[in-house]
There are 2 protein chains.
Amino acid sequence: MSATHTRVPSLVEHQLPQPVPQAELAACPVNEVFRRVGDKWSMLVVILLGKRSYRYNELHRAVEGISQRMLTRTLRGLETDGLVSRTVHPTVPPSVEYDLTPLGRSLLEPLSALADWAVKHEPHLAAARES
Amino acid sequence: MSATHTRVPSLVEHQLPQPVPQAELAACPVNEVFRRVGDKWSMLVVILLGKRSYRYNELHRAVEGISQRMLTRTLRGLETDGLVSRTVHPTVPPSVEYDLTPLGRSLLEPLSALADWAVKHEPHLAAARES
DNA sequence: CGGCATCCCCACAGATACTG
DNA sequence: CAGTATCTGTGGGGATGCCG
């Protein structure tokens with residue numbers, strides 16, 4: 001009777017979940033991860049580094065479209081999150097090698113699962129977007 | 001606009017002299033999907049709708065922090081990509097039901113794989129960010 | 001070679017108010 | 001209940017230039 005707590009009897013026969021369901025608790029770290037790796041370039045770099053190690057300019061050429069600024073920012077971000085390791089070889093000229101850490105490599109697995117889904121279903125998304 | 005492999009081919013350019021690296025071809029749809037579902041709210045909504053169907057204000061309360069504008073935009077985006085279905089029940093007051101489409105439900109699987117990873121490893125990210 | 005510093009822009013998140 | 005309309009700020013991201 002009170003308008004503050006509207007029941008929807010037909011849709012939900014049993015108990016309505018609490019206002020803050022565990023889904024949010026479960027989804028919140030996901031959100032964190034997505035915010036971290038879901039930007040324009042990060043997972044692109046992660047996937048590349050999943051194949052082999054890259055040097056800075058190698059990545060710059062491989063991604064092709066990324067600016068130096070964004071590549072650096074992306075790598076630094078992944079590095080501070082422990083997903084990517086940065087190894088400086090004190091040669092001349094300097095050489096910097098980027099690798100996936102074990103943590104980064106573990107991310108690669110669910111990421112490639114999503115990648116497979118994307119490759120498989122992205123046409124559907126594009127098709128659905130037409131209509 | 002996907003700047004990732006935007007070639008901006010000039011009209012006279014008939015063939016690509018250099019093949020685009022396959023890593024980019026493989027990663028590009030992933031990027032599309034991430035750009036679509038990797039925003040602040042989309043996958044939160046997808047995960048919620050993976051449990052059951054929701055009505056508009058139910059979602060508004062469940063997400064709790066999202067504005068009406070953002071919820072609407074998120075739902076519209078997911079809808080136009082064929083991930084979410086919107087069913088209007090012509091009652092009074094109006095009632096709108098949101099569900100995952102089969103396509104959306106198929107996304108749920110790799111998404112929850114990533115979600116599991118996130119729940120498991122997000123502490124590591126946070127810990128790594130300290131140092 | 002492998003960056004960092006700076007300037008700038010615009011797309012998009014968020015709040016607020018109003019409507020069928 | 002389920003949205004639209006409008007305004008505004010923030011920051012992601014590109015371009016350019018310089019440096020160890």
Side-chain angles (χ1 to χ4, degrees), chain A residues 1-12 16 31-32 34-45 48-49 53-80 84-99, chain B residues 1-6 8 31-32 34-45 48-49 53-80 84-99:
Chain A
M1 44 204 262
S2 168
T4 53
H5 193 269
T6 311
R7 285 278 313 225
V8 190
S10 56
L11 284 178
V12 186
L16 281 173
N31 219 333
E32 287 302 307
F34 262 78
R35 310 265 300 170
R36 174 79 284 286
V37 89
D39 63 76
K40 194 171 180 179
W41 306 108
S42 287
M43 57 87 209
L44 204 56
V45 170
L48 278 173
L49 290 179
S53 66
Y54 276 79
R55 293 175 55 185
Y56 183 84
N57 275 343
E58 268 188 310
L59 280 175
H60 194 202
R61 282 187 296 268
V63 176
E64 191 162 7
I66 195 172
S67 62
Q68 285 185 335
R69 172 187 148 91
M70 276 303 104
L71 179 55
T72 300
R73 281 176 61 102
T74 300
L75 289 169
R76 289 291 181 275
L78 293 172
E79 193 191 354
T80 57
V84 157
S85 68
R86 178 176 180 269
T87 310
V88 181
H89 296 111
T91 62
V92 52
S95 161
V96 179
E97 188 183 351
Y98 289 96
D99 287 279
Chain B
M1 193 87 65
S2 75
T4 313
H5 78 320
T6 308
V8 194
N31 218 332
E32 287 302 308
F34 262 77
R35 309 270 298 172
R36 174 79 285 286
V37 89
D39 63 77
K40 194 171 181 180
W41 306 108
S42 287
M43 57 86 206
L44 205 56
V45 170
L48 279 173
L49 290 179
S53 65
Y54 276 79
R55 292 173 55 184
Y56 182 84
N57 276 342
E58 269 188 309
L59 280 174
H60 195 204
R61 283 187 296 268
V63 177
E64 192 162 7
I66 195 172
S67 63
Q68 285 185 335
R69 173 189 146 93
M70 278 302 106
L71 179 56
T72 300
R73 282 178 62 99
T74 300
L75 289 169
R76 290 288 183 275
L78 293 171
E79 192 190 355
T80 57
V84 158
S85 69
R86 177 176 180 271
T87 310
V88 182
H89 296 111
T91 62
V92 54
S95 161
V96 179
E97 188 182 351
Y98 289 96
D99 287 279

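Letters A, B, ... mirror the listed sequences (proteins, then strands); counts begin at 1.
To the nearest angstrom, P of dA2(D) lies 10 Å from CG of Leu71(B). Here the C1' atom of nucleotide dT4(D) and the CG atom of Leu75(B) are 14 Å apart, to the nearest Å. What separates CG of Asp39(B) from P of dG13(D) is a distance of 13 Å, to the nearest Å. Computed from coordinates, the Tyr54(B) OH to dA2(D) C1' distance equals 18 Å when rounded to whole Å. Following rounding to the nearest Å, Arg73(A) (CZ) and dA15(D) (C1') show an atom-to-atom distance of 15 Å. In this structure, CZ of Phe34(B) is placed 17 Å from C1' of dG12(D), rounded to the nearest angstrom. The interatomic distance linking His89(A) (NE2) with dG20(D) (P) rounds to 23 Å, in whole Å. Here dA2(D) presents its P atom at 15 Å from CD1 of Ile66(B), a figure rounded to the nearest Å.
In this structure a side-chain-to-backbone donor-acceptor pair under 3.5 Å is missing from His60(B) to Leu71(B). Between the side chain of Asp39(A) and the backbone N or O of Ser42(A) there is at least one donor-acceptor pair closer than 3.5 Å. For the pair Tyr56(A) (side chain) and Gln68(A) (backbone), a donor-acceptor distance under 3.5 Å is present.
Annotation: the span from Thr80(B) atom OG1 to Leu75(B) atom CG amounts to 10.5 Å, rounded to 0.5 Å. Taken from CZ in Arg69(B) to OG1 in Thr74(B), the straight-line distance is 10.0 Å, to the nearest 0.5 Å.
Looking at heavy atoms from C-beta onward, Val96(A) lies out of side-chain contact with His89(A) at the 4.5 angstrom threshold. The closest side-chain heavy-atom distance from Val37(A) to Phe34(B) is below 4.5 Å. When side chains are defined from C-beta on, Asp99(A) does not count as touching Val84(A), because their heavy atoms never get closer than 4.5 Å.
Closest to the side chain of Arg69(B), out of dC7(D), dG3(D), dA15(D), is dC7(D). Among the nucleotides dG17(D), dC7(D), dA2(D), the one closest to any side-chain atom of Tyr56(B) is dA2(D). Listed nucleotides dG3(D), dG12(D), dG14(D) differ in distance to Gln68(B); the shortest reach to its side chain belongs to dG3(D).
When heavy atoms are screened at a 4.0 angstrom cut-off, Arg86(B) is found touching the sugar-phosphate backbone but no base atom.
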Legend entry - Evaluation steps, side chain to side chain contact (heavy atoms under 4.5 Å, CB included), between Leu59(A) and Ile66(A): CA-CA 9 Å; Leu59(A) 280 175; Ile66(A) 195 172; over 6 Å; no
Legend entry - Glu97(B) and Val88(B): CA distance, side-chain angles, deciding distance, side chain to side chain contact (heavy atoms under 4.5 Å, CB included) verdict: CA-CA 6 Å; Glu97(B) 188 182 351; Val88(B) 182; over 6 Å; no
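Residues from residues 91-99 of chain A lying near DNA chain C, meaning a heavy-atom separation below 4.0 Å, are Pro93(A), Pro94(A), Ser95(A), Val96(A), Tyr98(A) in numerical order.
Under a cut-off of 6.0 angstrom, the local environment of CZ in Arg76(B) is crowded, with over 12 non-hydrogen atoms contributed by other residues, nucleotides or ligands.
On the nucleic acid side, DNA chain C has its first and last nucleotide under 4.0 Å of a heavy atom of chain A at dC1(C) to dT6(C), going 5' to 3'.
Among Glu58(A), Arg55(A), Glu79(A), Arg86(A), the one residue that satisfies the side-chain hydrogen bond (donor to acceptor under 3.5 Å, both in side chains) test with Tyr98(A) is Arg86(A).
Between the axis at the start and the axis at the end of the helix from dC1(C)-dG20(D) to dG20(C)-dC1(D) there is an angle of 50°, using five pairs per end and rounding to 10 degrees.
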